[in-house]
Amino acid sequence: MRQNVSINVHHLTRVEGHGNIVVDVKNGKIEKMQWQVPEAPRFFEAMIRGRHYSEVARITSRICGICAIGHTLASVKATENALGIVVTPQTVKLRTIIKHAENCDSHLLHIYFLVAPDLFGAPSVFPLVPTHTEVVVRALRMKRFAHEWGSLLAGRTTHPTRVIPGGLSEYPTEAELKNLKKRLIDLQPDLDATVKTVLSVADKVPSFERQTEYMALSSDKEYAVYDGVIQTVMPDGKKQRWPVADYKSCTNEYVVPQSTAKYTKNKMASYMAGALARFNNNYDLLHPEAKKLAETLKFKPLCFNPYMNSVAQLVEVVHGVKDSIRLLDEVLGAGYKPEDLVKPKKFGRGQGAVEVPRGILFHEYGYDDKGMCTGGNCIIPTNQNHGNIQLDLEALVPKLLAAEKDEKAIELGLEMLVRAYDPCISCSTHYLKVEFKR
Amino acid sequence: MNTKSYFLEETAFDSFVEGMMKAAALYAPVAKKHCFVFAPISSPKEVRLDYDVTILPPKKVIFPVHQDLVSFGQGGGASAIRPEPRILFGVHFYDIKAIDMLDLLFRENNEDWNYLAQRENTTIVGSNIQRISKRAFWGTVGKGVKPRGHDAFITKLPKGYALEVLTAKGEKLLSYGKFESATDAQVTEARKVNEDVMDKCPEKLSHGSHEIAAKVRAAFKSKLWEEFSRTCFSCGTCNIVCPTCYCFDVQDCWNLDQISGQRTRTWDGCLLEDFAKVSLGAGATENFRDARSQRYRHRLMRKATYLNDKLGGPACVGCGRCSAQCVPDIADPVRIIESIMEG
Amino acid sequence: MSVSIRFEETTYPNIFMPRPAEIVHARQDTAMEKHFTLKMKDGEPMIFDPGQMLEVSVFGFGEIPIGFASSPTRTQSFDIVVRKVGRVSGAVTALERGQTLYVRGPLGHGFPMDKLRGQDILVVAGGIGLCPTRSLILYILDRRSEFKNFSLFFGVKSPQEQLFLEDLALWRKSADVKFYETVDRPDDKWKGNVGVITTLFKKTQIDPGTRVIICGPPIMYKFVIAELDGIGVSRNNIYVDLERRMKCGIGKCGHCQINDEYVCLDGPVFCFKDIEHLEEAFR
Amino acid sequence: MSAKRKVKVAFFDFACCEGCQVELTNLSDPIFVGLLDHIEFVEFREVMKEKTTEPIDIAFVEGSFTRESDRARLEDIRKRASIVIAYGACAATAGINAMKNHTTDYKEYVYGKDAAMPHLDSQKALPISAAIKVDYALHGCPMDRAEFVRVVSDLLHGKQPLIPNYPVCVECKMRETVCRYELNDHCLGLVARAGCGAPCPADGIPCEACRGFWDHPNEEAIEEVLKSKGGLSAERAREKTRMFTATMRRDA
Ligand SMILES: Cc1cc2nc3c(=O)[nH]c(=O)nc-3n(C[C@H](O)[C@H](O)[C@H](O)COP(=O)(O)OP(=O)(O)OC[C@H]3O[C@@H](n4cnc5c(N)ncnc54)[C@H](O)[C@@H]3O)c2cc1C
Ligand code: SF4
Ligand code: SF4
Ligand code: SF4
């Protein structure tokens with residue numbers, strides 16, 4: 001076993017936002033093992049104070065440019081909840097398609113741009129341009145398609161324009177929706193090729209397991225991404241549910257000194273959110289095609305290997321595409337037409353949750369009788385994962401040390417682990433506070 | 001060619017539109033929210049001859065917002081003039097008058113075929129005004145100037161449409177629909193419909209073009225300009241929406257290969273701050289219309305006086321677009337002119 | 001990478017199509033100005049009046065108006081001088097001998113030579129205003145006998161900004177032109193007059209019947225004209241060469257308008273009498 | 001130029017959401033690969049592990065300058081880069097991060113008792129030009145992809161990029177969007193810098209001026225118009241332009 005190791009990955013690359021990994025091993029003893037989040041804090045709470053309800057999602061969308069759609073949806077849902085707005089079934093379906101688009105978009109980015117280079121043994125996607133041109137071009141093509149898919153409905157994907165309290169501000173034409181459906185169907189060859197690419201490097205996914213709690217939105221109707229209640233699954237397979245309004249009692253935020261982001265925990269010392277958490281919680285409701293893929297990959301719930309999060313993302317890409325086709329059929333079959341916005345019925349307090357690529361996301365706001373925001377709170381999946389990342393690292397380092405890996409290999413193993421969580425650190429340092437101004 | 005008049009049954013309208021669609025790219029007024037725009041037509045149902053006014057004038061069909069003039073590559077440059085056959089259908093008379101002005105302005109001194117080529121390839125069908133926009137004053141502006149440039153004119157009658165054919169291009173339209181010769185009564189009725197609408201504008205100028213031109217010109221140094229333009233945003237909306245504005249900027253841009261590219265002209269507006277700004281070197285600049293009141297004044301001078309000799313009347317057709325679309329509501333030529341005339 | 005784009009021929013004439021001209025000579029005159037001699041690649045002579053201009057372009061960068069700087073008595077080649085002030089002028093001044101410039105023109109109205117012939121002439125040029133007037137100056141010197149007294153005032157901010165140094169050296173010595181120069185800010189080596197251009201009026205006697213040509217930075221005009229008014233020069237006999245923003249050079253784009261006049265069509269040379277009533281012409 | 005040597009491009013980020021970097025991955029395959037014929041990414045933390053200490057031709061800096069401790073890193077970037085571009089609203093104008101600048105209690109308000117912890121240090125959010133010289137700005141939240149491609153193209157040729165200096169209304173009118181004011185809504189397009197193509201009004205929402213003000217916004221008039229035509233309360237009208245233009249306001 002190695003006696004002295006010092007790793008300091010300052011500003012981990014190929015993650016969104018800044019995170020550091022610090023490992024200090026002296027005489028075989030782990031003296032320090034820290035996952036640090038030094039991202040500059042941005043004070044969104046101070047920003048939304050006194051802003052009109054129509055502006056709040058536009059502001060909180062800027063918490064994160066990667067899950068901007070998710071933040072917008074969660075924010076708008078919380079605002080609608082606070083304002084007594086119940087959106088139409090068509091809106092729910094269209095927003096669910098938007099949510100699928102974001103998850104696929106982000107998953108593709110993560111799989112192809114952030115994870116694949118490790119598996120192909122490259123430092124980034126750029127050296128792969130000459131050696132794996134076909135893969136890179138496909139990645140860019142699929143990424144662009146996911147962007148167009150989301151933009152068709154949401155206006156754009158980075159800080160979406162059309163998702164506003166009460167519904168959608170503008171609508172695509174029926175012909176455009178039909179065309180979207182066609183393009184989703186036509187995506188099959190690219191999907192197949194993506195699966196093949198992942199299969200070709202699947203043996204490189206490290207094996208490592210640590211039992212933990214998994215939290216995700218859950219619903220009896222569907223594999224929840226846009227709507228549902230909070231659910232966790234414990235290592236023994238037991239599941240428990242809470243209403244979204246109780247989110248604080250399941251997240252229990254706390255501050256740690258090495259981080260500008262807050263940490264969370266529920267029943268166990270930490271829990272995981274994200275694709276793997278959704279997979280572990282809601283496997284039964286996956287689209288059959290997605291399930292088939294999971295079976296091919298011999299990937300079953302409960303899976304305790306965090307590195308498999310990227311594989312769960314792949315499964316969700318297939319699910320998102322197929323489920324969107326289903327939803328489009330439903331929307332088009334039910335006499336699709338642009339709808340007026342649902343108007344506010346009251347002003348008060350409300351919560352909203354959606355599943356963003358990295359896991360369950362909560363927003364909460366209060367509004368005064370003029371519709372101005374009195375305060376808000378927002379709990380971000382990456383924050384929810386920080387505790388789990390720390391515990392995983394603590395469990396992983398001794399294993400890597402025992403396997404006599406050199407510093408470089410240990411560093412890579414640790415980086416890959418953090419990256420598997422796809423941490424979106426920019427949003428995790430939003431710092432919204434829980435208290436409400438009266 | 002002598003004017004000939006025809007009649008189209010209400011029920012034959014859609015097939016006429018389809019006929020035109022087959023013959024050429026068809027542009028006509030369509031609804032956009034509660035407003036209207038000229039747009040390519042893909043189904044007769046979209047055509048809304050009952051529009052009041054469009055956001056942008058139909059000049060865009062001939063003189064597009066962005067237009068490549070020259071393309072370039074390793075071997076040098078090449079002309080980018082590529083007209084396509086178009087039918088511009090349902091143009092109100094005031095917009096025809098504006099196109100007449102552009103025809104003259106793009107032809108005089110130096111013929112600009114970047115405009116003229118598409119103009120020659122466009123068949124213009126006027127239509128009567130079924131609804132009057134809330135700021136129109138076409139009834140009283142430049143009364144001596146009549147629309148000339150259209151090829152045909154369609155007037156909605158209770159049971160169908162009267163079509164007046166004025167040119168050979170207009171005559172071709174007859175083959176796209178089931179037209180019959182118009183009766184004298186129908187011709188008279190159509191004329192009456194178009195005459196009656198003339199005094200229905202919500203806004204009116206109370207003086208003639210010459211009087212206005214002289215007095216507005218004399219008011220160049222008036223304080224009014226500054227007062228009026230206090231809330232002006234220099235947003236150029238009054239230029240961009242005007243059917244008689246035709247100023248443009250020209251910029252070059254490379255394609256992705258970084259070798260080929262195009263020289264493109266884009267609508268510009270004299271209300272925009274940099275419109276008359278020049279570089280003098282070493283970072284120094286001179287703006288010949290630096291103050292927003294100067295730019296604001298220039299537009300009105302141009303509409304009411306500067307071009308009158310050339311055009312035989314003011315360079316304003318009274319569409320009311322600038323009046324309605326200026327957010328602080330300070331661009332209305334009637335209000336400006338009336339207060340100068342009173343002053 | 002080689003790129004071939006297919007150019008389709010169209011039957012319409014395109015007034016925006018520039019023609020290639022070869023740079024047969026290029027020289028950096030000052031830190032900011034570069035002097036080019038051009039020859040049309042199609043071999044056509046360039047026939048122009050002094051004071052007319054060209055639209056000069058470099059593809060990808062754009063097109064700018066530039067005055068002729070050589071005498072029209074020379075037809076096989078012509079000169080322009082370009083000051084580097086921005087995008088297009090920056091690209092033009094980066095070109096060297098053997099490279100290609102694209103030009104459209106000649107455009108606009110130049111100096112009314114028939115009204116200048118047989119008269120006393122004074123040219124007042126400030127800074128780069130010497131470029132378009134150089135065309136006239138060289139023309140007069142070429143046909144000296146057709147003109148009577150000929151004086152030239154030239155002012156720049158600092159000695160380094162003086163253009164056409166060889167010309168200046170010749171003119172200083174020449175008996176054909178009474179040449180006076182001044183700088184606003186002298187350096188150690190400067191021995192000549194110091195002060196704004198109007199200080200040169202003290203140096204010589206200008207006859208009230210003189211035809212005067214003024215070209216320079218925007219603020220220069222009104223001071224020079226005040227001086228000429230004092231002498232009693234008729235405003236009918238004063239010609240100004242104006243500069244405005246220009247995008248087409250053919251009277252369409254609207255940028256160069258001064259009240260109802262288009263600088264590119266009606267000018268850039270105007271008889272002062274014709275535009276003195278235009279509020280926007282001078283400040 | 002491009003055939004001989006690829007231009008070295010690097011991306012750096014400070015306080016921001018990184019959406020502008022994500023926008024690059026939305027460029028589409030032909031454009032992205034096409035750009036790679038001419039440029040070479042030498043540092044781009046979000047998608048690559050490689051880092052460089054070498055000179056850089058163009059540095060795109062995303063995010064606001066919010067803490068003194070970032071100054072040295074910014075200065076180092078400036079030293080190594082021939083051209084520094086403020087990339088996106090956060091860098092160009094401090095964008096949304098500056099919304100809190102006019103309040104003094106934001107730290108306590110947000111952190112409560114933890115406000116004094118040193119790693120939570122944050123001053124007012126400022127554009128990066130407050131720390132280093134910036135050559136050009138790519139405005140917008142997010143920045144506009146088409147403008148990015150054009151600016152890169154211009155810089156490849158050594159041409160100074162043209163950034164529009166007029167209000168968004170110009171582009172909004174050009175695409176014939178029904179004006180928000182016509183729909184009894186409000187809009188900041190009247191004072192916002194164009195260049196984005198006015199997507200927001202076309203998508204049924206007001207322009208929030210994410211590209212900042214153009215050079216001479218009529219601030220007095222916008223407040224008036226927000227009230228008289230946009231139906232905003234006096235207070236909302238006064239506060240409205242804090243969302244993306246807090247650092248550019250008269251009272252900043
Ligand atoms: C009639 C006339 C004759 C001229 N003769 C000469 C000459 O002989 N030598 C010379 O060096 N310069 C001359 N100029 C000035 C020259 O045209 C400008 O310096 C040039 O247009 C600057 O363009 P740019 O792209 O380099 O600058 P930028 O600052 O990048 O300008 C952008 C655009 O603004 C317009 N513009 C900016 N400044 C001017 C300006 N001063 N005049 C007109 N348009 C401008 C142009 O369309 C230009 O493309 C003349 C101008 C006019 C009107
Ligand atoms: S007058 Fe009105 S429309 Fe015209 S620039 Fe000013 S604010 Fe805009
Ligand atoms: S000035 Fe105004 S009313 Fe007159 S033609 Fe132009 S837009 Fe219409
Ligand atoms: S919607 Fe906004 S940007 Fe568009 S014209 Fe109206 S005020 Fe201007």
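Computed over heavy atoms, backbone and side chain alike; hydrogens, waters and symmetry mates excluded. Sequence lines set the chain letters: A, B, ... in the order given, protein chains first and strands last, and positions in each chain run from 1.
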Closest approach of [X] and [Y], non-hydrogen atoms and distance?
X: D/N97; Y: A/M47; value: CA-CE, 3.6 Å
X: A/T158; Y: D/E23; value: OG1-OE2, 2.6 Å
X: D/G204; Y: A/S169; value: O-CB, 3.6 Å

Answer yes or no: is there a side-chain heavy-atom contact under 4.5 Å between [X] and [Y]?
X: D/C17; Y: A/H71; result: no
X: D/I205; Y: A/R162; result: no
X: D/M99; Y: A/R62; result: no

Measure [X] against the heavy atoms of chain D and call it side chain, backbone, both or neither at under 4.5 Å.
X: A/S54; answer: side chain
X: A/M372; answer: side chain
X: A/I164; answer: side chain
X: A/V137; answer: both
X: A/T157; answer: side chain

Full working for side-chain contact (heavy atoms from CB on, under 4.5 Å) between D/R236 and A/E55:
CA-CA 11 Å; D/R236 245 191 108 190; A/E55 296 169 1; 3.2 Å; yes
For the pair A/K370 and D/E235, find out whether any cationic side-chain nitrogen is under 4.0 Å from an anionic carboxylate oxygen.
no
A/T161 side chain to D/C200 main-chain N or O, any donor-acceptor pair under 3.5 Å?
no
Expected output: side-chain A/R51 to main-chain D/E239 donor-acceptor under 3.5 Å:
yes
Which residues from residues 176-185 of chain D are near chain A, with near meaning under 4.5 Å between non-hydrogen atoms?
none
Heavy-atom pairs under 4.5 Å with chain A, option from D/P199, D/G95, D/C141 with the top count
D/C141
Note: vs chain A, highest number of non-hydrogen pairs under 4.5 angstrom among D/S233, D/S28, D/C210 is D/S28
Heavy-atom distances under 4.5 Å only: say whether D/A202 touches chain A with side chain, backbone, both or neither.
backbone
Atom group of D/L36 that falls short of 4.5 Å from chain A, counting heavy atoms:
side chain
Distance in Å, A/Y112 OH paired with D/T25 OG1, rounded so as to fall on 0.5 Å steps
14.0 Å
Can you measure from CD1 (A/I59) to CZ (D/R242) and round to the nearest 0.5 angstrom?
12.0 Å
Heavy atoms of other groups near D/D251 CG, more than 12 under 6.0 Å
yes
Contact leader toward chain D among A/H159, A/E170, A/R138, where contacts are heavy-atom pairs under 4.5 Å
A/E170
Apply the test side-chain contact (heavy atoms from CB on, under 4.5 Å) to residues D/L27 and A/R144: give CA-CA distance (whole Å), side-chain angles for both, the deciding distance (0.1 Å), then the verdict.
CA-CA 7 Å; D/L27 274 176; A/R144 169 75 183 194; 5.8 Å; no
